[in-house]
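Keep in mind that the numbers below use all heavy atoms, side chains included, and drop hydrogens, waters and symmetry copies. Since the structure is predicted, the reported quantities are computational estimates derived from the model, not experimental observations. A note on names: the letters A, B, ... follow the listed sequences, proteins ahead of strands, and every chain is numbered from 1.
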2 protein chains.
Amino acid sequence: MMVLLPRASPAPPPQPPVDECGAAMTTMTPGRELPHPEPDRIRLAEVLHALADPMRMRVVCRLAEAGAELACSEVELPVTKSTSTHHFRVLRESGVIRQAYRGTAKMNALRGEELEALFPGLLAAVLAAADAQAARLGPAED
Amino acid sequence: MMVLLPRASPAPPPQPPVDECGAAMTTMTPGRELPHPEPDRIRLAEVLHALADPMRMRVVCRLAEAGAELACSEVELPVTKSTSTHHFRVLRESGVIRQAYRGTAKMNALRGEELEALFPGLLAAVLAAADAQAARLGPAED
DNA sequence: CCGGTAGTACGGTAAACCTCGTACTACGGT
DNA sequence: ACCGTAGTACGAGGTTTACCGTACTACCGG
């Protein structure tokens with residue numbers, strides 16, 4: 001009864017993904033949906049906090065200028081993959097982006113319309129502000 | 001030679017505020033100017049971070065709806081005075097508000113025009129978003 | 001002159017945050 | 001069937017944050 005595990009796993013949890021609905025989900029959710037906040041659970045403070053980080057702002061700008069879904073790897077950040085994953089999750093959990101698995105990639109899209117309905121003009125103003133600042137300082141600055 | 005000090009001060013520094021210009025400033029700056037960032041040193045990330053806190057957001061909303069300067073004590077927050085001071089400083093250092101001493105009070109005002117020049121529509125959008133959310137949830141909510 | 005009000009500085013705590021490295025899982029192509 | 005690519009979970013380190021309490025300073029009014 002030697003399972004296929006390369007390492008000698010002591011024994012405990014042979015239960016793979018088990019799941020139920022948000023309970024287990026130990027690893028990745030195959031081709032399934034990821035937890036996204038409903039529009040009425042999106043909080044301004046969380047959105048602003050999500051946008052207040054340079055890395056995440058860069059992601060949002062890239063998504064906006066692309067105007068379409070982008071894979072995580074499509075948005076290059078000067079951090080490791082783990083950190084990148086972290087930032088994308090913060091953006092998703094705050095309601096700024098929507099994520100979905102597509103093949104081996106995870107696609108990301110701005111929740112533009114939903115945010116517009118909740119906070120009219122906010123996203124546009126932030127994106128414009130980011131552009132303005134990028135133009136003001138050298139495009140490669142802070 | 002019994003000085004007025006309740007405690008027995010050894011003797012050393014009878015020099016009161018000494019100062020020079022940002023060097024000493026051990027305590028309060030009398031009726032003087034406080035350090036504010038120049039418009040070109042205001043960073044979007046810092047502004048958003050400042051606005052991403054509920055307490056600070058409350059301050060900004062109060063200042064906006066008042067349309068005029070308000071003393072710190074005029075803006076009631078469910079925190080101690082020290083914490084309040086902390087939040088006002090974050091707002092000032094990020095460039096969101098301007099502070100000045102007036103008598104025993106410290107007056108606070110939004111740097112609306114300067115922010116508008118840097119990030120057109122941003123402050124308005126954030127304020128509108130805060131109002132919208134306050135209306136959506138009970139005005140006494142999160 | 002004395003007390004009250006307004007605000008600060010300092011020190012401390014507990015939580016949150018950003019970052020990384022390592023080890024792992026899924027999907028797709030050769 | 002295997003390897004590579006894309007992304008995750010977990011744990012840990014170091015910094016920042018929000019909050020408080022205490023002790024202090026400045027200004028105003030009686």
Side-chain angles (χ1 to χ4, degrees), chain A residues 3-9 13 15-19 24-32 34-35 45-46 49-50 52-59 70-94 99-108, chain B residues 4-7 9 13 15-19 24-32 34-35 45-46 49-50 52-59 70-94 99-108:
Chain A
V3 217
L4 310 171
L5 299 181
R7 283 201 160 307
S9 66
Q15 295 171 305
V18 174
D19 132 8
M25 238 83 276
T26 349
T27 39
M28 177 154 43
T29 315
R32 301 288 271 307
L34 282 139
E46 285 179 41
H49 169 249
D53 181 277
M55 294 302 157
R56 293 192 289 260
M57 195 61 198
R58 197 183 295 207
V59 170
L70 286 182
C72 293
S73 50
E74 218 92 52
V75 185
E76 48 180 294
L77 299 177
V79 294
T80 63
K81 272 193 299 178
S82 339
T83 304
S84 181
T85 295
H86 161 69
H87 287 307
F88 276 102
R89 187 172 25 151
V90 171
L91 285 170
R92 185 189 73 237
E93 293 181 344
S94 67
Q99 295 187 295
Y101 290 101
R102 173 112 32 105
T104 124
K106 183 145 103 180
M107 305 307 292
N108 306 275
Chain B
L4 310 170
L5 298 181
R7 285 204 160 305
S9 67
Q15 297 171 305
V18 173
D19 133 356
M25 238 82 279
T26 349
T27 41
M28 180 155 41
T29 314
R32 302 288 272 306
L34 282 138
E46 285 178 41
H49 170 248
D53 180 278
M55 293 303 157
R56 293 193 288 260
M57 194 62 199
R58 198 183 295 207
V59 170
L70 286 182
C72 294
S73 50
E74 219 92 51
V75 185
E76 47 179 295
L77 299 178
V79 295
T80 63
K81 273 194 298 178
S82 339
T83 304
S84 181
T85 295
H86 160 69
H87 286 307
F88 276 103
R89 186 173 28 152
V90 171
L91 285 170
R92 186 189 75 238
E93 294 181 343
S94 67
Q99 295 187 295
Y101 290 102
R102 172 118 27 111
T104 124
K106 182 144 102 181
M107 304 308 291
N108 306 274

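- For the atom pair B/E74 CD and B/M107 CE, the distance stands at 6.5 Å (nearest 0.5 Å).
- Take the nearest nucleotide of DNA chain C for B/C72 and for A/R102: the residue whose nucleotide is more 5' is B/C72.
- Side-chain contact check for A/Q99 versus A/E93: every heavy-atom pair is 4.5 Å or farther apart.
- Checked by atom type and distance alone, the side chain of B/R92 pairs as donor or acceptor with a backbone atom of B/P35 at under 3.5 Å.
- Rounded to whole angstrom, the span from the CE atom of A/M107 across to the P atom of D/dA6 amounts to 12 Å.
- Candidate nucleotides C/dA6, D/dG21, C/dT19 were compared by shortest atom distance to the side chain of B/T80, and D/dG21 ranks first.
- Not a single donor-acceptor pair, N or O on each side, falls under 3.5 Å between the base of C/dG28 and the side chain of A/T104.
- A sub-4.0 Å separation between OP1 or OP2 of C/dC18 and a side-chain N or O of A/T83 is absent.
- The separation between B/L70 atom CG and C/dA6 atom C1' is 15 Å, rounded to whole Å.
- B/R89 has its CZ atom 11 Å from the C1' atom of C/dC10, to the nearest Å.
- Residue A/S73 is in sugar-phosphate contact alone, with no base atom involved, counting any heavy-atom pair closer than 4.0 Å across all strands shown.
- The distance from atom CZ of B/R58 to atom C1' of D/dA18 is 15 Å, rounded to the nearest whole Å.
- As a whole-Å value, the separation of A/F88 CZ from D/dA9 C1' is 18 Å.
- Distance A/E74 CD to D/dT5 P: 15 Å, rounded to the nearest Å.
- Counting to the nearest Å, the P atom of D/dA18 and the CG atom of B/L91 are 10 Å from each other.
- Between the NZ atom of B/K81 and the C1' atom of C/dA9 there is a distance of 13 Å, given to the nearest Å.
- A/N108 places a side-chain N or O within 3.5 Å of a backbone atom of A/L70 that can act as its donor or acceptor partner.
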**Study point:** side chain to side chain contact (heavy atoms under 4.5 Å, CB included) evaluation trace for B/V90 with B/R56
**Key:** CA-CA 8 Å; B/V90 171; B/R56 293 193 288 260; 3.7 Å; yes

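- Taking CG from B/L91 and CD from B/E46, the interatomic distance works out to 12.0 Å, rounded to the nearest 0.5 Å.
- Across B/M55 and B/P78, no two heavy atoms sit closer than the pair CE-CG, 3.5 Å.
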Atom pairs, protein N/O to nucleotides 12-17 of chain C N/O, distance under 3.5 Å:
none

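- Between the base of C/dG21 and the side chain of A/S82 there is a donor-acceptor pair shorter than 3.5 Å.
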